[in-house]
Amino acid sequence: ALPPAMAKSKTIRFCSAINLPPMEFMSPQTKPEGVDIDLGDALAKSLGLKAVYINMPFAGLIPALLADHCDAIISQLFIKKSRLQVIDEIPYMVSHEAVLLKPGAPKVPDLEALSGKKVATVTGTTATVLLDKANVALKAAGKPPIDIVAFPENTQALQQLQFGQVAAYGVAYETARYYVHKVPGQFAMGGPPYFKIATGIGLRKNDTALNQALTGALATLMKNGTYAAIFKKWDLGIDMIKPEGG
Amino acid sequence: MHFDWPYFWHQLLEPDGAFLQGLWLTILISVGGQVIGLVIGLPMALARRSASVFLMWPARFYIFLMRGTPLLVQIVFIYTGLAAAGILRFHDITAGPFTLSGNVQAGILALGLNEGAYMAEIFRAGIDAVDRGQTEAAKSLGMVPGQILRFVVLPQALRIILLPIGNQFNIMLKNSTLVSVIGVSEMLLVTETINSATFRTFELYSVLALYFLALTSIWGGVMRYVEWRMDRGAVRGDAAVIGMLQGEHI
Amino acid sequence: MHFDWPYFWHQLLEPDGAFLQGLWLTILISVGGQVIGLVIGLPMALARRSASVFLMWPARFYIFLMRGTPLLVQIVFIYTGLAAAGILRFHDITAGPFTLSGNVQAGILALGLNEGAYMAEIFRAGIDAVDRGQTEAAKSLGMVPGQILRFVVLPQALRIILLPIGNQFNIMLKNSTLVSVIGVSEMLLVTETINSATFRTFELYSVLALYFLALTSIWGGVMRYVEWRMDRGAVRGDAAVIGMLQGEHI
Amino acid sequence: MADVLVQAERVEKFFGPNKILDGVSFTVTRGETVVLIGSSGSGKTTLLRCINHLEKIEAGRITVNGFLIGYRDRRGVLIEDRERNIARQRRDVGMVFQRFNLFANLSVLDNIILAPMRVRGESREVATGRAMRLLARVGLAEKARSFPASLSGGQQQRVAIARALAMEPAVMLFDEPTSALDPEMVGEVLAVMRGLAQDGMTMMIVTHEMGFARQVADRIIVMDRGRIVEDGPPERLFNAPAHAKTRALLAARH
Amino acid sequence: MADVLVQAERVEKFFGPNKILDGVSFTVTRGETVVLIGSSGSGKTTLLRCINHLEKIEAGRITVNGFLIGYRDRRGVLIEDRERNIARQRRDVGMVFQRFNLFANLSVLDNIILAPMRVRGESREVATGRAMRLLARVGLAEKARSFPASLSGGQQQRVAIARALAMEPAVMLFDEPTSALDPEMVGEVLAVMRGLAQDGMTMMIVTHEMGFARQVADRIIVMDRGRIVEDGPPERLFNAPAHAKTRALLAARH
Ligand SMILES: Nc1ncnc2c1ncn2[C@@H]1O[C@H](COP(=O)(O)OP(=O)(O)OP(=O)(O)O)[C@@H](O)[C@H]1O
Ligand SMILES: Nc1ncnc2c1ncn2[C@@H]1O[C@H](COP(=O)(O)OP(=O)(O)OP(=O)(O)O)[C@@H](O)[C@H]1O
Ligand SMILES: [Mg+2]
Ligand SMILES: [Mg+2]
């Protein structure tokens, strides 16, 4: 059973930072597309709903969800303890982190190798947290810290790397890989993906009706092959998860 | 430097539908914010001038708050902060085929509330600038304060503040870009979105700047025309102009 | 509504180091932008008033451009657009223990370039407001234009424009939040960062608003003091005040 | 006492610490023309303004047509009345200002019909009919559609008189109605006022035009530093002034 | 001709289409005091302003001390000189304005020493020494540290004269130096000017003070609609004016 408001309006509102290809991004015609969008559409469809997407900076997603500006977040939101204190998350994939560099720059085996460098991130993302953590370690080792520059959105951060105004960009592996292929010769991976983490759809706590509905719908999509088809379409097979208990 | 002229001309002269929608939203938001500002500004100005402390102090506080904090903070506060505290939530409003989404509402409201404080100060200055003798003459004829305001003081104040209000709207047009931070797809956010796919940053932002220059220049032209009409009107006591500004016949 | 008072008081009275750094950056950026604005504004005003079309038209165009487009667009354009076109890239500047990162430079530059146009108009109005008789008296004593400007016109214009400049700085303090979009960790971005971890949006933005109210109120107080000193000075021909404003003895 | 129209009793008025009116008492009977004279700052303007409560008074009482102006009497204590009541009282008192104060946003006709329509609730037709008769009376019928800014000072002042008369007041107050006019326009305004006096309008006039005062005044009141120092018919004051101030004023201005 | 200090030859000056100076020619010899009279708008101010090139001229030529003012002669064609050269020429011509034009941002002393220090490159000591002597001469030694706003009009004008004298000009121009003054201050300024005339300063004075003109003028020039209509010693003009304008002016102002 869907929450009554949703049953009435026949729409589900997803908050999303629609600026992180291939997970979610705007087509030049400003139509949302990407893995999360395809998945969101499919989930909505199997619930007999229409999905709408509300675009906002990443750091604003959870506040917006809590503010009831949307019903759920679908925006490659990692499942983390701190987040689970304020929201619920339904896992639907795994993600990885990566460091994006300019081609030819020396590879970085770990984040601490970025010591003393200027590194872009997007405000509120896990990369920021990981870089902060690396800085603690660097400080303990007496090495110069990483200079973290947090941008409100992905394009800004990416372009600073492109123009050499930063040395690296800490971002989800999926996005990093997208740009390495999409804009050939401009970017290079700093190394293999690190930090594998479950990723989920964010929900307000105690929104049990929706939680159950979406969990059920996700199971259906996994069973009928839609789920796999979406990840295949975007060439992200490594991020798929198995149905619970299956 | 490499400047992609064909792309630039294409964006400038045959913009995407999305960009034109952004332009439309920029105008809608600016006009909406200005209207709210005007609607708030007048009572706020009257309250600010009131002898009653229960009107004067709240108005004063409102103006202080809105003018003392950044508009960007106000926008986020109104959209996210108020909702987070459960005070005010914005839901889409649908009227027939037309939908006004929550963040657009919040954007217009935030711009309008901010503008209201500036409008209040402009209205106040305009009312204060009307010769006291006008009020006294009206009083001596037995008119009550509401009538004096409506038929004598406001029509004259309006003449005085028309240009300051026009200038404020010019600022409003530019400030409307700030609602991009709450995801309103006005021209700036559309440009950013296109940029995230094409990376023609310089060309795209040049086009965006030109569109804003066009908007503000057109508005500037309107203002100059009004100013010119008013100057003529002031000299000749031009009934039509004064009627136009007065907006209402007694 | 649930308002977390302990958290609010904690943030307000014992803010994180990061927040204080944001405050410091807000002030640094505002002051930096204002200084650049002043430095640009004066020559631009002189060029705008110049009889030479080679000075007048570029100045006019600059002012038109800066006042006709949104500051937010200018900020992104300068930081990202110029770099994308390969015209100007911002690299960190290190002087001893102190580093000014590229985006902070770009932010200050953008705010300063924008402010320069407004400053130019203020300087121009101030210079025009100085009685022409002052210039003619100086000319009749054999002084050349540069001397007249420096010793006679500017000191008097400065008195006239001191308050408008003060008001501009108040606007600058608030506009400094806009550089958050290019990742400058001033107060707003720090607040957003904290918010993205704690989600106490209402409390955090309330604290942010209060900090800005404090900044703008303190500055307002400074302005009122200067105004009061100037009023006194104007009446008494107060040598000390005039000397202070003049900044330089002949 | 049936014909006492304006009565002031021991009126006192302060601006801050300064006593501007100091125990002023007088009466004006229906149909009388009273001229107020006095040197600059003696309180003439202030006195007129108290009569229709454009200024508060601190002590004493003023009545017009028997009604207390500006205050209500609560068991002997005067408390200020509500705006709405004060506005009603003011209808009986027409006022003509030194600086005309025509409504700059309205045509001459609209200036005149505004208050009758809005305050007395007259229809536009009735109000316009009276306005046109009044304009004819002050010799400006053809200016009905003009705006104040396009009129000469003398014309503006005559419109202001017509505007005040349109409310059919019981008494008209004039505060130096000709002193802001170029000399060649003084005559046309005084002629209108002379006509009013002949028609039996009750009037209080502050003026420096001594010839005019002598001609139209039934009584002249002389003020000095907030007090009435002499009050009598013009013949006596001009021929045998009792007070030194009167002598000085009549000598200087004549 | 060695002692000709100021010479104007067929000067013409237009403002837009209006000819303001129409073929004005005159000479002033060293030590002479020349008074200019003429009704309002006749071009007196404009003529003075042309002499130190505060206004351009469209035809004719003006020389001071033999140097062409404001223009360079390029094979018979006059082209406007550079600011720097014009500024140098102006040092020889002191000017006193109707509205004083003291530098509002500077003390009296700084007003006087500014140009000597900055234009003539004098040391502060030298400039201050002369300034104090000049202030004593105009009777204002004790006001050296005051600011213009705190001085009376008469005092300001005397400071303005001292300021002009501090550049040791060859000729002093006065444009109605007393007409912005309250009557009681006119005398103190005229006294200073009388002293200058006695000390042999060359002066051109526009004034309406006919008594003063008669007393100090070596010659009076009468202007009418941009032309010089009469030019001669005061005795002759006062006793036997040749031109109707002169008669009218002297009759009206006397
Ligand atoms: N609003 C005010 N606030 C303070 N003092 C006032 C005010 N209005 C008038 N006064 C003072 O009250 C005194 C009387 O003023 P009033 O205008 O009544 O004199 P008046 O007899 O009309 O003089 P005049 O012939 O110059 O018009 C004057 O000393 C004046 O300075
Ligand atoms: N800057 C200007 N632009 C246009 N016309 C001017 C200007 N200055 C003066 N005039 C005109 O030139 C004419 C002569 O003016 P000028 O000031 O020289 O007369 P004046 O003899 O000094 O008169 P007054 O006695 O009133 O000072 C007048 O008709 C005046 O209107
Ligand atoms: Mg008076
Ligand atoms: Mg003159």
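Note on naming: letters A, B, ... go to the chains in the order of the sequence lines (proteins, then strands), and numbering restarts at 1 for each one.
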Original post:
Do you know which of E/Asp92, E/Val93, E/Leu102 has the most heavy-atom pairs under 4.5 Å to chain C?
Top reply: E/Leu102

Original post:
Looking at E/Arg84, E/Gln89, E/Arg163, which has the largest count of heavy-atom pairs under 4.5 Å with chain C?
Top reply: E/Arg163

When rounded to the nearest 0.5 angstrom, what distance separates [atom1] in [X] from [atom2] in [Y]?
X        : Y        : atom1 : atom2 : answer
C/Ser140 : E/Met167 : OG    : CE    : 9.5 Å
E/Asn52  : C/Lys139 : CG    : NZ    : 9.5 Å
E/Asn105 : C/Leu158 : CG    : CG    : 10.5 Å
C/Gln156 : E/Leu106 : CD    : CG    : 7.5 Å

More than 12 heavy atoms of other residues, nucleotides or ligands under 6.0 Å from [atom1] of [X]: is that the case?
X        : atom1 : answer
C/Arg224 : CZ    : no
E/Arg99  : CZ    : no
C/Phe54  : CZ    : no

**OP:** State, with a plain yes or no, whether a side-chain heavy atom of E/Phe103 is found less than 4.5 Å away from one of C/Pro155.
**Re:** no

Original post:
With a 4.5 Å limit on heavy-atom distance, are the side chains of E/Asn101 and C/Asp131 in contact?
Top reply: yes

Original post:
chain E: which of C/Met143, C/Gln147, C/Glu136 shares the most heavy-atom pairs with it under 4.5 Å?
Top reply: C/Glu136

Subject >> Where C/Val144 and E/Ala87 come nearest, the two heavy atoms and their spacing >> reply: CG1-CB, 3.7 Å

Original post:
Does the side-chain contact (heavy atoms from CB on, under 4.5 Å) test come out yes or no for E/Leu114 and C/Leu141, once each step is laid out?
Top reply: CA-CA 9 Å; E/Leu114 176 64; C/Leu141 290 167; over 6 Å; no

